[in-house]
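Take a look at the structure set out below.
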There are 2 protein chains.
Amino acid sequence: MGHSRDIPADLTRNQGLVLGALTGSGAPLSAYDILDQLRSEGLRAPLQIYRALDKLVERGLAHRLESLNAFVACTDAHCHRKGLIAFAICESCGKVDEFADTVIEERLAAWAGSTGFTVGRTTMEIRGRCAACLGA
Amino acid sequence: MGHSRDIPADLTRNQGLVLGALTGSGAPLSAYDILDQLRSEGLRAPLQIYRALDKLVERGLAHRLESLNAFVACTDAHCHRKGLIAFAICESCGKVDEFADTVIEERLAAWAGSTGFTVGRTTMEIRGRCAACLGA
DNA sequence: GCCGCGGCGTTATGCTATAACGTAATCAAA
DNA sequence: TTTGATTACGTTATAGCATAACGCCGCGGC
Ligand SMILES: [Zn+2]
Ligand SMILES: [Zn+2]
Ligand SMILES: [Zn+2]
Ligand SMILES: [Zn+2]
């Protein structure tokens, strides 16, 4: 079992608030969702959220889910933020499961090698239903 | 080498126009890009484009690229639209390469089996530079 | 005829993201 | 200590992506 990631102390106030909102949510949040939650803290403009998100994503503390236009806090204590990360997104409850698979990564590297493509960022997102929701 | 896909005859006028725009482009197009191209054909509203795109994507004739909020015509003559499709997107020239990898698909199925997750749609998008652009 | 269905056109609206401007705090070099 | 570079911040305005809701029309089956 993974323990939850330590929160760095050097976050700015806005960054801390945004990360807190993400961490406290059981599902991905859009920037505007986050903004709504943080109006009580004095935040008013989307840009305040986006700027904080940029930094958090850059540091691997949060991830952007392209297929949802939304964000989640990173749940991986062991920092596999290097390399490919896959996300399994439950369309029923919103829960997001984050995992890495070196075989897939190798497979991708092999394809890239054979075609001369230089890989930058890779996004992999699986939509479906989690075990809990399937049982219910 | 793949031959290019036959265009089904039963497309509506709008669907045909939209698919034509995508096919004629060397890079992904947003719905609004397409709309701008088709104003000369009498199309005026985003919804006309989105409705056509919905049908084209549903039939596997076009694909949505989540990381770009844009669309491409399917370039695969052999209809691997069943199963996982990966896209390699060149950030320099915009070219999109579409491919399938059964090993990755199996890997994903294995992960799903072990966690009880039921896989629906999967999106896999690789950003980087294509061989041609790297040479230049 | 009549109905159901799918596509169409239009207007209005909502959601997502960034541009452009100026301010303030911090830190290091000069 | 002044200077300049850097980084975050706050605000307003705007750009870009997507859908709701309405009514109309044409076509097939019954
Ligand atoms: Zn993570
Ligand atoms: Zn679930
Ligand atoms: Zn395809
Ligand atoms: Zn290229």
Side-chain angles (χ1 to χ4, degrees), chain A residues 7-22 25 27-59 61-72 89 91 94 96 121 123 125 127, chain B residues 7-22 25 27-59 61-72 89 91 94 96 121 123 125 127:
Chain A
I7 296 179
D10 64 340
L11 295 178
T12 66
R13 166 173 157 84
N14 286 5
Q15 288 163 17
L17 286 169
V18 169
L19 183 54
L22 288 177
S25 166
L29 297 176
S30 76
Y32 283 76
D33 291 337
I34 297 170
L35 177 57
D36 286 339
Q37 285 194 28
L38 296 182
R39 283 189 199 283
S40 57
E41 300 289 345
L43 299 201
R44 297 158 205 269
L47 211 46
Q48 296 176 286
I49 311 299
Y50 281 109
R51 289 203 272 231
L53 284 169
D54 281 347
K55 291 302 177 192
L56 294 173
V57 168
E58 193 178 305
R59 296 180 55 167
L61 298 172
H63 302 291
R64 175 184 173 80
L65 299 176
E66 304 283 2
S67 66
L68 296 178
N69 292 330
F71 301 82
V72 287
I89 304 165
E91 295 188 302
V96 175
R121 189 169 58 91
T123 85
E125 300 177 13
R127 313 285 291 272
Chain B
I7 296 179
D10 64 339
L11 295 178
T12 66
R13 167 174 158 83
N14 286 4
Q15 288 163 19
L17 287 170
V18 169
L19 183 53
L22 289 177
S25 167
L29 297 177
S30 75
Y32 283 75
D33 291 337
I34 298 170
L35 177 57
D36 287 339
Q37 286 195 25
L38 296 181
R39 283 189 199 282
S40 58
E41 300 289 344
L43 299 201
R44 297 158 206 267
L47 210 47
Q48 296 175 285
I49 310 299
Y50 281 109
R51 289 202 273 231
L53 284 169
D54 281 348
K55 292 301 176 190
L56 294 173
V57 168
E58 193 178 305
R59 296 179 56 167
L61 299 172
H63 302 291
R64 175 184 172 79
L65 299 176
E66 304 284 2
S67 65
L68 296 178
N69 292 330
F71 301 83
V72 287
I89 305 165
E91 295 188 301
V96 175
R121 189 169 58 91
T123 86
E125 300 176 14
R127 312 286 291 271

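All heavy atoms count here, side chains included; hydrogens, waters and symmetry mates do not. All chains are named by letter (A, B, ...) in the order of the sequence lines, taking the proteins before the strands, and each is independently numbered beginning at 1.
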Not counting sequence neighbours, which residues clear salt bridge (charged side-chain N to carboxylate O under 4.0 Å, His left out) with B:Glu125? List them please.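 By the salt bridge (charged side-chain N to carboxylate O under 4.0 Å, His left out) rule, B:Glu125 matches no residue at all.
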Check whether any side-chain nitrogen or oxygen of A:Gln48 sits under 4.0 Å from OP1 or OP2 of D:dG10, and answer yes or no.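 So the side-chain polar atoms of A:Gln48 do come within 4.0 Å of the phosphate oxygens OP1 or OP2 of D:dG10, strictly under.
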Contact between B:Leu61 and B:Leu22 at the side-chain level, heavy atoms closer than 4.5 Å - yes or no?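 Side chain of B:Leu61 against side chain of B:Leu22, heavy atoms only: no contact under 4.5 Å found.
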Using a 3.5 Å cut-off and no angle test, enumerate the donor-acceptor pairs between side-chain atoms of residues 47-54 of chain A and protein atoms at least two apart in sequence or in another chain.
from    : atom 1 : to      : atom 2 : distance (Å)
A:Gln48 : OE1    : A:Arg44 : N      : 2.8
A:Gln48 : OE1    : A:Ala45 : N      : 2.9

Would you please name every residue forming a side-chain hydrogen bond (donor to acceptor under 3.5 Å, both in side chains) with A:Glu41, sequence neighbours left out?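 Applying side-chain hydrogen bond (donor to acceptor under 3.5 Å, both in side chains) to A:Glu41 gives none.
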With sequence neighbours left out, what residues match A:Asn69 under side-chain hydrogen bond (donor to acceptor under 3.5 Å, both in side chains)?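 In terms of side-chain hydrogen bond (donor to acceptor under 3.5 Å, both in side chains), with neighbours along the sequence ignored, A:Asn69 is linked to A:Arg64.
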Under a criterion of less than 4.0 angstrom to any heavy atom of chain B, what are the 5'-terminal and 3'-terminal contacting nucleotides of DNA chain C?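 Using the under 4.0 Å cut-off, the span is C:dG7 to C:dT11.
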What does the B/S/- profile of nucleotides 16-23 of chain D look like, 5' to 3', with a 4.0 Å heavy-atom cutoff to protein? -BBBBB--
Mind listing the closest non-hydrogen atom pair of [X] and [Y] along with its distance?
X       : Y       : result
A:Ala21 : A:Leu29 : O-CD1, 3.6 Å
B:Leu11 : B:Leu56 : CD2-CD2, 4.1 Å
B:Gly94 : B:Pro28 : O-CD, 3.1 Å

